[in-house]
2 protein chains.
Amino acid sequence: MPEGPTLAELGEAELIRRLGAFAPTGQFGDDAALLALGRSTPACPHRLQLVVNTDVLVEGVHFSDATTGATDVGWRAAAANLSDLAAMGCQDALGITVGLVAPGHTPWSWVEGAYAGMSELLIAHGGVLLGGDCSDGRQRLLAITALGRLADDRGGPIRRGDGRPGDHLISTGTHGLSRLGLALLQGADLPSLSAAERERAIGAHRRPRPRFDAVAALAGCRPTGLPWRVAGCDSSDGLAAAAEYLAVASGCTALLEQAALPVAAGLEGLAEAESWCLWGGEDFELVLALEPAWADALLEQLEGSSRIGILTAPQRAGALLWSEGGEPIRPPGEAFRHFT
Amino acid sequence: MPEGPTLAELGEAELIRRLGAFAPTGQFGDDAALLALGRSTPACPHRLQLVVNTDVLVEGVHFSDATTGATDVGWRAAAANLSDLAAMGCQDALGITVGLVAPGHTPWSWVEGAYAGMSELLIAHGGVLLGGDCSDGRQRLLAITALGRLADDRGGPIRRGDGRPGDHLISTGTHGLSRLGLALLQGADLPSLSAAERERAIGAHRRPRPRFDAVAALAGCRPTGLPWRVAGCDSSDGLAAAAEYLAVASGCTALLEQAALPVAAGLEGLAEAESWCLWGGEDFELVLALEPAWADALLEQLEGSSRIGILTAPQRAGALLWSEGGEPIRPPGEAFRHFT
């Protein structure tokens, strides 16, 4: 049959590009969707800006019983989703809906654990369970939609494409710890790590947190007179991917300082330290591009944040280069593939 | 292992009851979730009331290649979801997010068809594709979240529990045609039907429509001075189930008139006519409980609507009875089970 390509043949990036053609232009360009509601009038000047994000987490693709208990599956699923709200500029969440699919033989105790994990995350970081649906299916999965809104009087949207040459690139935290935790859960033999370091890495993998606090700090330290313009996204796909997303969407090149990589404590001695910091993924920090004065104010304000590089005018060598030497930063061979 | 019951052992109703315990009290009681946003002030009197609904449609459970092409799968999925917005009182939709799961060997042409079907539905009935996610998985499925809002100045919410004894029960249209269409698609031999009747039934099954128009008519014909109080839900699970949901949530009993069943044209001669009208499901009409004066105004206003019974004080014989004789209305043995 002349059915054309399969999803595996297309790959995820091309699939998303094609699906984006069914949405209004530009709608698929950010971590989540922005939806302006209500009329702005002199008496009611504040438009409500809603942020909506959907993530699907599938057993065997995004989580596994081998490394993640039910409660952690729930926490991680909700945290990943709320992280996308933070990446759009939300300082809290309104709530989530959950589509649960599971085979009939699934123990209720697993479902109970997953919902308990989501509830714990919501209690810790804001929002409630708004509703959902459930169905029989061959594979366990959670399809979560999170709703948030921008705090119009205290902040604005964060878009991937709002960066400009000269912006400083800020990471709200260190990277690589979640990937280290995953390696430990998968049985990696890393005898140099202390018990406390192991525990911290596994905790980072199992219990990531959405950085609403970093967005609040960002909004709180904007220099007087500077208009709201922040580019950013979260580092769920890895620090390097986040910087590249910003650079490409903003029509810039990102230069990362190799000497300033925000490598998490505990990775220092490991051969994989740089690779896991850049490409490990799932640290769920924010990577932001800001005017230098605002960047400096944020570094002052937000513990754990650091300057990792700058945006420049687009360079022929690529969208993601080392400051030192100008060579392209390339992923190792093992990048995560969504369709196999 | 003392793991307790499986989902199949619990059944869907008990599963939903248990999941509802993770949400604020009453949050799981309606077709969709209602979320009040914004402060009401003298200068800005209108609170924004957002409606959010999530439906998951799984291959082999909710749709099958044998009866439904990709475009119809997409249309039906979006229509079912928007129908829940209408059932909450929305007169249009803001948009949907779509979580797509499919095996890597899925042809792009199927995905393209499903998204084209969703787009057609949105173009016809309002709303845009806001965003989504996609993932590899063993089974095709669509997890759709629809967003709508109540038109504060022209209407209000429709809740299942807002019915009162004395309310008239109104169906916005006839029932059973979608089930007839499904039977035809599954190869049922019904020689008494004309070609036009077959086509109409199959069309009803493949292309249901959300009844936003009925909600607009309802809002437009409210008798002067009558406060907004409407109980209702959609008939996706069948006319009888819808009437029973209203009755139970409102603490009433629903009496249906057997002589006034809104049986769709084309079913008259069939042995299954009454059963498919009551229990066939997926007609996606609205079943409403209204003050008699408002009910009369709606019947006048909305072509195809009809009075199907009344709500009374709760009766010992059950929540869903025949007007004629007072016997309970019982489902046939083949009710749809979500977990097997």
Side-chain angles (χ1 to χ4, degrees), chain A residues 3-8 10 12 15-16 18-19 22-24 27-28 32-33 35 37-38 43-44 48 52-56 58 61-62 94-95 97-99 101-102 104-109 111-112 115 119 128-139 141 143 145 147 149 338-340, chain B residues 3-8 10 12 15-16 18-19 22-24 27-28 32-33 35 37-38 43-44 48 52-56 58 61-62 94-95 97-99 101-102 104-109 111 115 118-119 128-139 141 143 145 147 149 338-340:
Chain A
E3 276 191 320
T6 66
L7 302 188
L10 286 185
E12 195 198 16
L15 174 59
I16 290 174
R18 292 187 180 197
L19 296 180
F22 291 99
Q27 189 70 45
F28 273 41
L35 187 63
L37 294 179
C44 300
L48 181 66
V52 191
N53 186 63
T54 294
D55 276 341
V56 184
V58 181
V61 180
H62 301 94
L94 294 164
T97 67
V98 180
V101 177
H105 60 72
T106 306
W108 157 249
S109 58
V111 173
E112 187 178 32
Y115 277 71
S119 286
V128 297
L129 179 61
L130 291 167
D133 192 16
C134 52
S135 171
D136 198 2
R138 270 182 246 156
Q139 210 171 4
L141 72 83
T145 296
L147 290 176
R149 62 177 154 180
H338 288 265
F339 289 94
T340 51
Chain B
E3 275 191 320
T6 66
L7 303 189
L10 286 186
E12 195 198 15
L15 175 59
I16 290 174
R18 292 187 180 197
L19 296 181
F22 290 99
Q27 189 70 45
F28 272 42
L35 188 62
L37 294 179
C44 300
L48 181 66
V52 191
N53 186 63
T54 294
D55 276 340
V56 183
V58 181
V61 180
H62 301 94
L94 295 164
T97 66
V98 180
V101 177
H105 60 72
T106 305
W108 157 249
S109 58
V111 174
Y115 278 70
M118 289 188 272
S119 286
V128 298
L129 179 61
L130 291 167
D133 192 17
C134 52
S135 171
D136 198 2
R138 270 182 245 155
Q139 209 171 5
L141 71 83
T145 297
L147 289 176
R149 62 177 154 180
H338 287 264
F339 288 94
T340 51

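By convention in this document, chain letters (A, B, ...) are assigned in the order of the sequence lines, proteins followed by strands, and residues within each chain are numbered from 1.
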In terms of heavy-atom proximity below 4.5 Å to chain A, should B/Phe28 be classed as side chain, backbone, both, or neither?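 Looking at B/Phe28, just its side chain touches chain A.
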Would you say [X] and [Y] make side-chain contact, with heavy atoms under 4.5 Å?
X: B/Leu94; Y: A/Leu37; value: yes
X: B/Asp136; Y: A/Val58; value: no
X: A/Val98; Y: A/Tyr115; value: yes
X: A/Arg18; Y: A/Leu10; value: yes

A/Thr97 OG1 to B/Asn53 CG distance, which is reported to the nearest 0.5 Å: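 Here the rounded value is 8.0 Å.
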Chain B heavy atoms under 4.5 Å from [X]: which part of the residue, side chain, backbone, both or neither?
X: A/Leu19; answer: both
X: A/Arg149; answer: side chain
X: A/Ser119; answer: side chain

Winner by heavy-atom pair count (cut-off under 4.5 Å) against chain B, out of A/Val111, A/Leu130, A/Thr145: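 Most heavy-atom pairs under 4.5 Å with chain B: A/Leu130.
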Give the member of A/Asp55, A/Val52, A/Val128 that has the highest number of heavy-atom pairs under 4.5 Å with chain B.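 With the most close heavy-atom pairs to chain B, the winner is A/Asp55.
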